[in-house]
Amino acid sequence: MKYDFAAIEPKWQKKWEEAKVYAAEDGSDKPKFYGLIEFPYPSGQGLHVGHPRPFTAMDIVTRKKRMDGYNVLFPIGFDAFGLPTENYAIKNHIHPAIVTKQNIANFTRQLKMLGYGFDWDRCVDTTDPNYYKWTQWIFLQLYKNGLAYKTTMPVNWCTSCKCVLANEEVVEGVCERCGSPVIRKEKSQWMLKITAYAQRLIDDLDDVDFIERVKIQQRNWIGRSTGAEVTFKATTGDDIVVYTTRPDTLFGATYMVLSPEHALIKQWQPQLKNWDDVTAYQKMAASKSDLERTDLNKDKTGVKLDGVAAINPVNGREIPIFISDYVLSSYGTGAIMAVPAHDDRDWEFAKKFGCEITEVVSGGEDVQKAAFTAKDETGILVNSSFLDGLTVKDAIPVITKWLEEKGIGHAQVNYKLRDWVFSRQRYWGEPIPMVWCDKCGWQPLPESELPLLLPEVESYEPTDDGESPLSKMTDWVQTTCPCCGGPARRETDTMPQWAGSSWYFLRYMDPHNNEALASPEALQYWSPVDWYNGGMEHTTLHLLYSRFWHKFLYDIGVVPTKEPYQKRTSHGMILGEGGEKMSKSRGNVVNPDDIVTAYGADTLRLYVMFIGDFEQAAIWSDNAVKGCKRFLDKVWNLAESCSDSLAYTKANEPGIHKCIKKVADDIEGMKFNTAIAAMMTLVNDMTQNGCSKGDMKSLITMLSPFAPHIAEELWEMLGFSGEGFVCQQRWPEYDASKTVASEISMAVQVNGKVRATITVPADADQAAIVAAAQADPKVQKFSAGMQLVKTIVVPGRLVNLIVKP
RNA sequence: GCCGGAGUGGCGGAAUUGGCAGACGCGCGGGACUUAAAAUCCCGUGGGAGCGAUCUCGUGCCGGUUCGAUCCCGGUCUCCGGCACCA
């Protein structure tokens, strides 16, 4: 018989489904294991070969856990709200809900075709009202706890999507999704106070097992810095508070800079002699796009405030005040003390505007030529009165204490993280369950009215005026105030796509619950997610957002753990044959359907795991896929030709035991490529040595997490199906003593160069090994007439003989 | 600029508490089977020298430590990713 994957694969998929072999059991006595993958966005293009890489990896991990006796939860769902579906719906005049349904059906077909051990009964869809009811419920809890607020501020506006973007969605000044320029637009937006959790989002990383680069990226994004807030007096008598990380350089502050949006500027209008210049500059700064404003190559610009100055509180000197867009209104206090001698940006500005540059930290080059910014022990304070002679590190606490005693400053921590802009002016998202009443202000919808359904509209087109399509639905918008019963208006913006994905892993624990997002028992049993694998691109988006929501849910007693995910790993991208990203426009997209048709799902699964280091990017190769198919053919042929004995073949036994351990360790360490290589080596050896049914039994069991269909078929073919499915068997027993051969081969070096290989009994002592090495003719050739000075023996590996003439 | 990661055959990649560099796979060369091709099987496959046994060079580059370095240390170059006027 031939290996007929096209018949085998659907056969076993059906049998697994009927027997519900992958169903997770609530509250089982077995230890639980919750393995999670990032649920896909069901795009119209269907599954991409990038998907099977992380999916197969976690499928292998969870299958192995089942074989180790765990009660496994390995769920799947769809993150189905989002712009591509909405845009497709607009273009083709189909309701997004219909498009979503079709796409989910196609994704489901493809995922089932690949034989993943998902518990399909727990499948979730973020666009299902029974699901987004709870997304809305969480929003209401955030609102009730003061963590959701509406404010008018300049926000990132994507000119193409016609929609507001979160800080995290803007990459190098353009829209993360479509690449169009992002401009700043003044808009009233719902915000989530993620900044209230900044410190905990950093601190709690210490307690979880995330790969280091994820932790580093999150810490950098949150951007904690320590320093001091210092109050300067203006000549008008007003206080100007600045934030600095270098209070030690206070004596070197020779001017101040306010951001163009700073509130004091308006207040000073009567005193300012160049008011027109000031307002012109403010206007210019406000009109700049993000890209222009953050361009580091451009010259520093600014305007000196004519008529108002500040007093440096440490030395009483009067210093000028400027406004400039290199100071951001949204960080710190929106005002800085400028120390041009010890800050590159201030130095550049000072040179252009002719400000004084005073050295207060010695140890660098001439500060008139470049700023000296070192913060280590190389710098010693000078020109700084009582700080003179101290290092930077020692001076900071001294000056901070001094500021506190004088009541003009205090230690301060700041974060780069900003609050999360949560409104989107689009149709295909969760309605925000809030109502505006002219009398009562913003009112939350009563929880009993959830879900607030997304209404049917005539057109989903986004509008140029920045209003959501929902705003045109007058009968939906007009409502009554939940507080006073008077006329009121609904919020017409929707939630961002990141809302539904911020808590979906909780819904999997109890997906059909109508009373709560999940029952306390289910949450208690399954939390936290034991292992979550996903893309690095979500590190400062989904991963950060969902940690924030989870911490909030913990605080209000809904979930039992501080952190949602115990372990986080990440996979590399799969690139097209030229090493470029796969994309429709490049025409290098590989469709999993084609590979499955040509070679079968097991080959595809094996290939995406064998392709290279799981964490690194990998280049797709049609040719290399064939190698995996050949391997499965060899396994098939081996099964057909094996002997009937149920015992291990003597010659194969050590190799089988080594492989059992190697594959188990490699799965745990996500080194799937070397796990497969080990099985290939074993199969090659078994082909050489001949093999028994007993050998095959272990091989098939080890292979089953990787290539589950062929494993089931061979299991049945060899007559093991009476013991149940192979995917329900225990992992083969490993016996270290069986891996030890009676004789071992060792390399012999003379002066560090390999000259020979000797075979010695495994239990030979050092003297015997050295004697055997010296007896080797090749070794004698290189050591003849020389004196043995030293011998190094590394047991089981090599002997090094050091000789001298 | 700051913070990460990576440089190993024709290619994807193995091997690090410092111990035989190139596992496994692809590709390629030769052979078997075939009328032929595909598939399959066998042999070979880092560079250089030699008929050969062998010798020699070799993990981006330069140095160091060591009996021994892809691995550790110092320096340097290149590529990739993230952040970026965050005071």
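Note on naming: letters A, B, ... go to the chains in the order of the sequence lines (proteins, then strands), and numbering restarts at 1 for each one.
For the pair K300(A) and F349(A), the cation does not sit on the ring face, since its NZ or CZ is not both under 6.0 Å from the ring centre and inside 45° of the axis.
Residues from residues 331-342 of chain A with heavy atoms under 4.0 angstrom of RNA chain B, sorted by number: Y331(A), I336(A).
The existence of a salt bridge linking R246(A) and D248(A) is confirmed by a sub-4.0 Å separation between a basic side-chain nitrogen and an acidic carboxylate oxygen. Between K629(A) and D622(A) there is no salt bridge, since none of the side-chain N atoms of the basic residue sits less than 4.0 Å from a carboxylate O of the acidic one.
Applying the ring-ring contact (aromatic ring centres under 6.0 Å, His included) test to H262(A) and every residue at least two apart in sequence or in another chain returns nothing. A search for salt bridge (Lys or Arg N to Asp or Glu O under 4.0 Å) contacts involving K662(A) returns D666(A), not counting sequence neighbours.
A donor atom on one side chain and an acceptor atom on the other are found under 3.5 Å apart for K626(A) and N623(A).
You'll find that the side chain of V794(A) is closest to G19(B), out of A15(B), C3(B), G19(B). The V754(A) side chain lies nearest to A21(B) when the options are A21(B), G19(B), G13(B). For W221(A), the listed nucleotide lying nearest its side chain is C83(B); candidates were C83(B), C42(B), G5(B). Closest to the Y243(A) side chain, of the nucleotides C20(B), A87(B), G4(B), is A87(B). With C67(B), A87(B), C85(B) as the choices, the nucleotide that has an atom nearest any side-chain atom of I802(A) turns out to be C67(B). Of the candidate nucleotides C83(B), C67(B), G5(B), C83(B) has the atom lying nearest to any side-chain atom of K416(A). Taking the side chain of R213(A) as heavy atoms from C-beta on, and the options U54(B), G4(B), C20(B), the nearest nucleotide is G4(B).
Around the CZ atom of R797(A), the shell of radius 6.0 Å holds no more than 12 heavy atoms that belong to other residues, nucleotides or ligands.
Backbone-only contact: A617(A) has heavy atoms under 4.0 Å from sugar-phosphate atoms and none from a base.
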Contact pattern, 5' to 3', of nucleotides 23-33 of chain B - B, S or - by protein heavy atom under 4.0 Å = BBSSS------
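Secondary-structure stems of RNA chain B, taken as three or more successive Watson-Crick or G-U wobble pairs (i with j, i+1 with j-1) under a 3.5 Å distance threshold, comprise B:1-7 with B:77-83, B:10-12 with B:24-26, B:27-32 with B:40-45, B:46-49 with B:54-57, B:60-64 with B:72-76.
Atom name P, nucleotides U8(B) and G60(B): the rounded distance is 6 Å, in whole Å. The gap from the P atom of G29(B) to that of U34(B) amounts to 23 Å, rounded to the nearest Å. Between the C1' atoms of G46(B) and C42(B), the separation comes to 23 Å (whole Å).
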With a 3.5 Å cut-off and sequence neighbours excluded, list the donor-acceptor pairs that the side chains of residues 250-261 of chain A form with protein atoms.
from: T254(A); atom 1: OG1; to: E356(A); atom 2: O; distance (Å): 2.7
from: Y255(A); atom 1: OH; to: D346(A); atom 2: O; distance (Å): 2.9
from: S259(A); atom 1: OG; to: G334(A); atom 2: O; distance (Å): 3.4
from: E261(A); atom 1: OE2; to: R293(A); atom 2: NH1; distance (Å): 3.1

